[in-house]
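Here the structure is laid out as structure tokens; the discussion comes afterwards.
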Amino acid sequence: MDKRFFLRDTRTVARELLGKYLYREINGIVFRGIISETEAYHGPEDLACHCSKGITPRTEIMFREGGRIYVYLIYGMYYMLNFTTMSDGFPAAVLIRGVIEPEFSENARDFIPLQAKTDGPGKLTKAFQIDKKLNTQLIHPSTGLWVEKGPPIDFKIVTGKRVGVDYAGEWKDKPWRFLLKKS
DNA sequence: ACGATGATGAAC
DNA sequence: TTCATCATCGTA
């Protein structure tokens, strides 16, 4: 996906990321999985979004033009992978919460399955070896982390409330969690 | 149900 | 400087 994909409404991007391939290349080994769960964090008013605190060293990346990687540590031990969205000045990002059909390849062609799914944002970053070194980098093959069109599969999209944001007042009930359900 | 474990931001 | 908070996970 090129940058323009990420410069749109965060809810749209979160929805359209479902079914796409998430790619990760490390030392010539390519990992990929089909994105199956996302959450949108959109705008300075959204109390569930770190960006509601304003511009800080951590949140600054979300205020910039979309198409970059936002990685942060939570609970002292888990990295969360996010893709920034929207145009310069508007803070927003999509949290990637899970992939299905993860697989790897040593030659970028012949992929070998790893397991059925990688559920949960902390398990995903562990499996794909994603940490803060990727923070603020471009979503691009040259970075080693990027997104491409997914395989031809039939699925529908289920929405729900975002996980773990009960503190966010009226924002906690927004249906900004998106899940891929294979049909 | 709960503890592990440390960055973050706000208050002082 | 301290303090509460936390887009989680694994074990129980």
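Each chain gets a letter, A, B and so on, in the order the sequences are listed, and its residues count up from 1.
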Could you give the CE-to-P distance, from A/M80 to C/dT8, as a whole number of Å? 6 Å
Main-chain N/O of A/R68 paired with A/T84 side-chain donor or acceptor, under 3.5 Å: yes
State whether the distance check finds a donor on one side and an acceptor on the other, under 3.5 Å, for side chain A/Y75 versus base B/dA7. no
Which part of the nucleic acid, if any, lies within contact of A/R58, taking any heavy atom under 4.0 Å across all strands shown: a base, the sugar-phosphate backbone alone, or nothing? sugar-phosphate
Applying a 4.0 Å non-hydrogen cut-off, can you work out what A/L95 is touching in the nucleic acid: base, sugar-phosphate, or nothing? base
Of A/K132 and A/M77, whose nearest nucleotide on DNA chain B comes first from the 5' end? A/M77
Separation of C/dC6 atom P from A/R162 atom CZ, nearest Å, is 14 Å
Separation of C/dC6 atom C1' from A/D166 atom CG, nearest Å, is 12 Å
Connected hydrophobic set around A/I74, excluding itself, where side chains approach under 4.5 Å: A/Y41, A/I61, A/M62, A/Y70, A/Y72, A/Y75, A/M77, A/Y78, A/M80, A/L95, A/V165, A/Y167
Does NZ or CZ of A/R32 fall inside the cone over A/Y21's six-membered ring, less than 6.0 Å from its centre and within 45° of the axis? yes
Over 60° means perpendicular and under 30° means parallel, so classify the ring planes of A/F6 and A/F83, tilted if in between. perpendicular
Describe the nucleic acid contact of A/Y167 in one word from base, sugar-phosphate, nothing, applying a heavy-atom distance below 4.0 Å. sugar-phosphate
Reckon A/H50 has a side-chain N or O less than 4.0 Å from the OP1 or OP2 of B/dT8? no
Round to the nearest Å and state the distance from A/I74 atom CD1 to C/dA4 atom P. 17 Å
Can you check the A/K123 NZ to C/dG10 P distance for me, whole Å? 5 Å
Would you kindly give the CG-to-C1' distance between A/L47 and C/dC6, to the nearest whole Å? 15 Å
What's the base orientation of B/dA7: syn (chi within 90° of 0) or anti? anti
